[in-house]
Number of protein chains: 2
Amino acid sequence: MNIGEIARRAGVSRSTVSYVLSGKRAVSATTRQRIQAVIDELGYRPNASARALKEGRTRTLGLVIPPASQRLTDMQLGFVASVVEAAARHDLDVLLSPSGGDHDRSFERIVTGRRVDGVVLMEIRLTDDRVTRLATAGVPFVTIGRTADPRAMSWIDVDYATLISRCVHHLADLGHRQVALVNRSAELVAAGYGPSHRALAGFRTAVAERGLTGVDVCCGDDTPSGEACVAQLLAAHPEVTAVATINEAALPGMQRALSAAGLSVPGDFSVTGVAAQHWAEDFHPPLTAADVPMRQMGAEAVSLLLELIAAPGGPPRHRLYAPPVSLRSSTGPVRPR
Amino acid sequence: MNIGEIARRAGVSRSTVSYVLSGKRAVSATTRQRIQAVIDELGYRPNASARALKEGRTRTLGLVIPPASQRLTDMQLGFVASVVEAAARHDLDVLLSPSGGDHDRSFERIVTGRRVDGVVLMEIRLTDDRVTRLATAGVPFVTIGRTADPRAMSWIDVDYATLISRCVHHLADLGHRQVALVNRSAELVAAGYGPSHRALAGFRTAVAERGLTGVDVCCGDDTPSGEACVAQLLAAHPEVTAVATINEAALPGMQRALSAAGLSVPGDFSVTGVAAQHWAEDFHPPLTAADVPMRQMGAEAVSLLLELIAAPGGPPRHRLYAPPVSLRSSTGPVRPR
DNA sequence: TTGTATGCGTTATCAT
DNA sequence: ATGATAACGCATACAA
């Protein structure tokens, strides 16, 4: 079933069928109807590969996600969902590439096989070979997150430094003097994961500004890690009265550890941080936190990418999100233990 | 950068380059090395669209997921991850289509645009237009889940009826006489979602077999719904001493409601069901549950699909998973309240 | 208003 | 052992 078959049945040339499909040339009403009838009858749709070959574009976006082996966080999943959704609104398909390191076969296929018109790259590190790979290959791309020197590229990111800083100031305003930061996993920090490093920087800055005592710990992205991490924190630093976190997946475990230690939130202990709205609202009591607007960010990433594809020489564009800290019920005045 | 350019630089014809790449024809060592050197130097890789057009296959699988608007459950996410991972092992890319209803543009592109060699379809309903659409279009497909009459198609599924039945029998063995089933959302049930219907059937059968009293309720796929659902259940049926569920996303809320009611698990109340291992182990105490082997199922789906693609006329194949109920710590002997 | 011819980049058949 | 060439299905420049 190809365009020639449609043309034959409709008694016209292939180009006329093509022009009926694209609307790029006037076609008389009668022939158009005749052709359309055949198309509808046979359910014809143009072969995507042939069209891509001819047009030089695939109408497909690549989405590079963290390797499937490690569970995606809710926030990552939110990005994936919103990118796919935004792409669908533009009638674009999304090709998934689970690529962590370099020299990844799937990633290489996407980069160099001309399978996609552009790429959205997730889970960026401060130095990231995939970014240079895409840049040298000349593939338009937008990152969710940014490298250490992101001036030359287009990206959107969450301003973790500012957000964690705001959280610390909020805790300081409530009288807390000894606060902790629960970061992401030690592996991510070691790998140069930007949000972790920037959150830590913001934490230290704010702690210094307010003359607080701050302790920071790494924590795996899951419930058991969160529980172990906070249990250990309470044992090693009993003077800590509040915690800020960017590790939403650890929240249930953190809550469990606090409960096991007999600490009520926010009466005995305050919790705040950066999280997907869903996690903040699932916390008990609802978490005072900066809600990351994942859906908006995914849509924005696609939007920037489409601009980049349309105008390959254009200037890089950025968007740094610093959503306000939503006051809910998990932070309160310090009450010394 | 195309194959002609490589041929020119290496001083050979395009076909020789092609044969070096495919290995389908003997090429002398010297010319092969010369060509390979040029390929490596320029980082050449064949244009995927041209290759797909010529070969008649795209080396791409389609994965139809529930619409992005609704959050994916952990189990769904596990399927997605394992399908993508399994496809990558076969050097196949995965095209995502978030399609719930019919007449979905993204779905239509995939089905009829020859963008993929085969499709994995998730979140199947008992009667599902997408299945008939794929069948009439002649696209090889495998479903995760099955329709009401799945004999003619290839699928893998979780045997919810058997698993929930086992859970009920386990509870009956422990002396529970009044048990409840927490199902998925009312919308899913109304839409003819297979797992919900089959779980309910298994529940009713087992309840009858053991002469128990059973009550079943629908519940949204999130923490608040789980909490509200169990709170309501306890209020309306205070005689219930145990619950089985297939709604893993509601588990944290269910736990919260039990805790709020002053019921300890498993001392005062038993909880069991079907869940991803991750959810079972995150429960407090660890949940006695049938662990759905998502990773294995995704890999199996890809495997079946590849068979189907290789032998289009082959007989349909099925695989029904009934993993054993893992005894953990959330079920215990009944203790009347 | 419509038809003809060309080329996108690749693989495979035929010829040398 | 290698080269010339046709064909995959489409979009479009050019012709009529």
Side-chain angles (χ1 to χ4, degrees), chain A residues 1-36 38-39 42-60 91 109-117 137-139, chain B residues 1-36 38-39 42-60 91 93 109-117 137-138:
Chain A
M1 175 61 45
N2 57 34
I3 199 172
E5 177 71 9
I6 304 294
R8 198 182 59 71
R9 299 208 190 201
V12 296
S13 76
R14 293 181 317 193
S15 59
T16 303
V17 176
S18 179
Y19 283 119
V20 164
L21 250 23
S22 70
K24 290 185 179 176
R25 178 163 100 173
V27 176
S28 78
T30 54
T31 51
R32 180 172 53 243
Q33 285 170 1
R34 192 169 71 247
I35 293 172
Q36 191 63 53
V38 177
I39 288 176
L42 300 190
Y44 164 77
R45 303 217 49 208
N47 179 304
S49 298
R51 172 178 284 194
L53 177 59
K54 176 64 184 169
E55 290 193 329
R57 60 175 186 148
T58 59
R59 299 165 189 267
T60 304
D91 280 339
R109 277 199 302 273
I110 283 198
V111 171
T112 189
R114 305 233 186 294
R115 294 181 75 79
V116 299
D117 298 334
V139 177
Chain B
M1 176 60 45
N2 58 33
I3 199 171
E5 177 70 9
I6 303 294
R8 198 182 60 72
R9 299 210 189 200
V12 296
S13 75
R14 293 178 315 192
S15 54
T16 303
V17 177
S18 178
Y19 283 118
V20 164
L21 251 24
S22 70
K24 292 184 178 175
R25 178 164 98 174
V27 176
S28 78
T30 54
T31 51
R32 179 172 55 244
Q33 285 170 3
R34 191 168 73 245
I35 293 172
Q36 191 62 54
V38 177
I39 288 175
L42 300 190
Y44 164 77
R45 303 216 50 209
N47 179 305
S49 297
R51 172 178 280 191
L53 176 59
K54 179 60 185 166
E55 292 193 328
R57 61 178 183 143
T58 59
R59 299 167 191 265
T60 304
D91 280 339
D93 288 319
R109 277 199 303 271
I110 283 197
V111 171
T112 188
R114 305 232 185 294
R115 297 181 74 82
V116 299
D117 298 334

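So that the names make sense, note that chain A is the first sequence line, chain B the second, and so on, each numbered from 1. These values consider heavy atoms only, across backbone and side chains, with no hydrogens, waters or symmetry-generated copies.
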Query raised in the report: In terms of side-chain heavy atoms of B:Arg14, which of C:dG9, D:dT5, D:dG3 is nearest?
Result: D:dT5

Report task. Supply the atom-to-atom distance A:Ile3 CD1 to A:Leu21 CG, rounded to the nearest 0.5 angstrom. Result -> 6.0 Å

Query raised in the report: Can you tell if the side chain of B:Val12 reaches within under 4.5 Å of the side chain of B:Val17, non-hydrogen atoms only?
Result: yes

Query - Note, A:Arg109 side chain near B:Arg45 side chain (heavy atom, < 4.5 Å) - result: yes

Side-chain donor-acceptor pair present, [X], [Y], cut-off under 3.5 Å:
| X | Y | value |
| --- | --- | --- |
| A:Thr31 | A:Ser28 | yes |
| A:Ser15 | A:Ser18 | no |
| A:Arg115 | B:Thr60 | yes |

Requested in this report: State whether B:Ser18 places a side-chain N or O below 4.0 Å from either non-bridging phosphate oxygen (OP1 or OP2) of C:dT11.
Outcome: yes

Given atom [atom1] of [X] and atom [atom2] of [N], what is their separation to the nearest angstrom?
| X | N | atom1 | atom2 | result |
| --- | --- | --- | --- | --- |
| B:Asn2 | C:dT11 | CG | P | 11 Å |
| B:Leu53 | C:dC8 | CG | C1' | 9 Å |
| A:Ile3 | C:dT4 | CD1 | P | 14 Å |
| B:Gln33 | D:dT2 | CD | P | 12 Å |
| A:Arg8 | C:dG3 | CZ | C1' | 18 Å |
| A:Glu5 | D:dC8 | CD | P | 13 Å |

Query raised in the report: Does a distance-only test, which skips hydrogens and angles, find a donor-acceptor pair under 3.5 Å between the side chain of B:Ser15 and the base of D:dG3?
Result: yes

Query - Members of residues 19-31 of chain B that approach DNA chain C, where some heavy atom sits under 4.0 Å away - result: B:Tyr19, B:Lys24, B:Arg25

Query raised in the report: Of all of residues 44-52 of chain B, which get a heavy atom below 4.0 angstrom from DNA chain C, listed by number?
Result: B:Tyr44, B:Pro46, B:Asn47, B:Ala50, B:Arg51

Query raised in the report: Taking for each residue the nucleotide of DNA chain D with the nearest heavy atom, is it B:Lys54 or B:Gly11 whose nucleotide lies nearer the 5' end?
Result: B:Gly11

Query - Ionic contact status for B:Asp91 with B:Arg59, cut-off 4.0 Å - result: no

Query raised in the report: Taking the side chain from B:Asp117 and the backbone from B:Thr58, do they hold a donor-acceptor pair closer than 3.5 Å?
Result: yes

Query raised in the report: Looking at A:Tyr44 and A:Ile6, what are the two nearest heavy atoms and their distance?
Result: CB-CD1, 3.5 Å

